[in-house]
2 protein chains.
Amino acid sequence: MARPSQAKKREAILDAATELFLESGYSRVSVDAIVAKVGGSKRTIYAYFGDKDGLFSALISHLCQKIVTPMVSLDLIGLAPDRALRKMADAFFDVLLAPNTLELHRLVVAESPHFPDAGRAFFSAAPSISYRCLSDYFAWAENEGLITPGSPYNRARLFLDSLTGDIQLRCLLGLVDEPDKEKLRALSDEAIDIFLDGIGYRRASLP
Amino acid sequence: MARPSQAKKREAILDAATELFLESGYSRVSVDAIVAKVGGSKRTIYAYFGDKDGLFSALISHLCQKIVTPMVSLDLIGLAPDRALRKMADAFFDVLLAPNTLELHRLVVAESPHFPDAGRAFFSAAPSISYRCLSDYFAWAENEGLITPGSPYNRARLFLDSLTGDIQLRCLLGLVDEPDKEKLRALSDEAIDIFLDGIGYRRASLP
DNA sequence: CCAGATTGGTACGGTACAGTACCGTACCGC
DNA sequence: GCGGTACGGTACTGTACCGTACCAATCTGG
């Protein structure tokens, strides 16, 4: 039934549309522009996705799955809290501030009133996975007696959110071209210090 | 030169356009729709604002000034750290999660690539003022010996960002209709507890 | 009360876009 | 090799929209 070219064509359409939508937003990209980029004809796009909305929805869920892949393989269990938070912060920044993530974020936030499913898909992908990963770690660490008792999920939220707000917003608004690696490091160092004190962990020696 | 009706007309146009843009976004609102809402003719709008872009830009800076007014009068100096953070958290949530703020946020984030000035105006208004307010307090508190030394601005960012991320994003994405006051209270309580430990303040007695 | 400017209402020009129709062509299973 | 299906290319329809033009009504300052 499925010709080998079908899946590839569908993918090619999604890729081209993704690039355009991420760059310019939903309303500013015409179906003609997508056709001009991917080649072929409008007929094909409408055959695969029904209409422009359908293409957009398919594209968003496709992207949401794709962007968080570096996050799902992260395993913190067994690490000391300072090491775990450091590793988490680094991985988190890598995903959070990647150009594709920022553009997807902007796109989903902008269109979520008209595409509620896109909002749901994005949230369960982007922040939710990170929260859960760190939350699992905190549950383990608390069980090991490394940190004081407290809601693991709330702590994960607090920690990751404290890394997110300012720098992410400035990137989203185009006020920062390329985030300075050193400043990110300084920011996460401070967040880790405060947070470790707050959850009752004293690091053994020098970091 | 200025007829008394001129300023009022301008304001009325801005108000009507604001409501429509906040609700549906820039591209989905036509100038005709604004005219239909405010009355009058397109001629008037183009006389005042030049074109649709000009109207949008004027509207954004107008809104940015308006939204943060509850924040500028906040004075924390003299309070104990736990009280100050509590007061700050309450005022911050009130502004951050107000429907108008969320819609403005969504709008500015969406359009910032095409309206860089809007991004700048929003950032200097919305988060920047709160950061500075809390930062000033931390500087004072450190000087009074109430908390351990540390960069006041970074601490302000960390604390406010830890309150922001998750709940704000869920509201932006339409996953939460009305934020639950009790849950907000619980969230800020936990953030305050952790943060007070992290900056070396032990509260005197019961909160 | 009056000249002059501003506004309201409507219509219009030009353009861009979503979605469809049509036709020729290349590729598929058989 | 052959019939059927999907694809590429282009043209087309209907619509929506930005910005302007025109004219009558209204208001302003003197």
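Chain naming here is simple, since letters A, B, ... match the order of the sequence lines and numbering starts at 1 in each.
At the heavy-atom level, A:V29 lies under 4.0 Å from the strands shown only through sugar-phosphate atoms. Within the 4.0 angstrom heavy-atom criterion, only backbone atoms of the sugar-phosphate kind lie near B:T44; the bases stay farther away.
Remark: the backbone N or O of B:A125 is not paired with any side-chain donor or acceptor of B:S128 at under 3.5 angstrom. Judged by distance alone, the side chain of A:S112 and the main-chain N or O of B:G174 form no donor-acceptor pair under 3.5 Å.
In this structure, the separation between NZ on A:K87 and SG on A:C133 is 9.0 Å, given to the nearest 0.5 Å. Note that NZ of B:K52 is 6.0 Å distant from OG of B:S27, once rounded to the nearest 0.5 Å.
One atom, CG of A:D32, and another, P of D:dT10, lie 12 Å apart when rounded to the nearest Å. Rounding to whole angstrom units, CD1 of residue B:I45 and P of D:dC17 are separated by 14 Å. Atom CZ of B:F49 and atom P of C:dT7 are 11 Å apart (whole Å). The separation between B:I13 atom CD1 and C:dG8 atom C1' is 12 Å, rounded to whole Å. Rounded to a whole Å, the CG atom of B:D51 is 13 Å from the C1' atom of D:dT20. The interatomic distance linking B:R28 (CZ) with D:dT15 (P) rounds to 20 Å, in whole Å. Per the geometry, NZ belonging to B:K9 stands 14 Å off P belonging to D:dT28, to the nearest Å. Whole-Å rounding puts the A:K8 NZ to D:dA6 P distance at 19 Å.
The two residues A:S130 and A:M71 have their closest heavy-atom pair at OG-CG, 3.5 Å.
Counting only heavy atoms from C-beta on, B:K52 has its side chain closest to D:dC18 among D:dG8, C:dC17, D:dC18. Closest approach to the B:K42 side chain among C:dA18, D:dG19, C:dG8 is made by D:dG19 (side chain taken as heavy atoms from C-beta onward). Closest to the side chain of B:V31, out of C:dG8, D:dC18, C:dA18, is D:dC18. The B:R43 side chain lies nearest to D:dC22 when the options are D:dC22, C:dA18, D:dC17. Each of D:dG8, D:dT20, C:dG19 was ranked by its minimum atom distance to the side chain of B:Y46; first place goes to D:dT20.
Nearer the 5' end of DNA chain C, as judged by each residue's closest nucleotide, is the contact made by B:V35, out of B:V35 and A:D53.
Proximity of A:Y48 to the phosphate of D:dA6: no side-chain N or O atom is located under 4.0 Å from OP1 or OP2.
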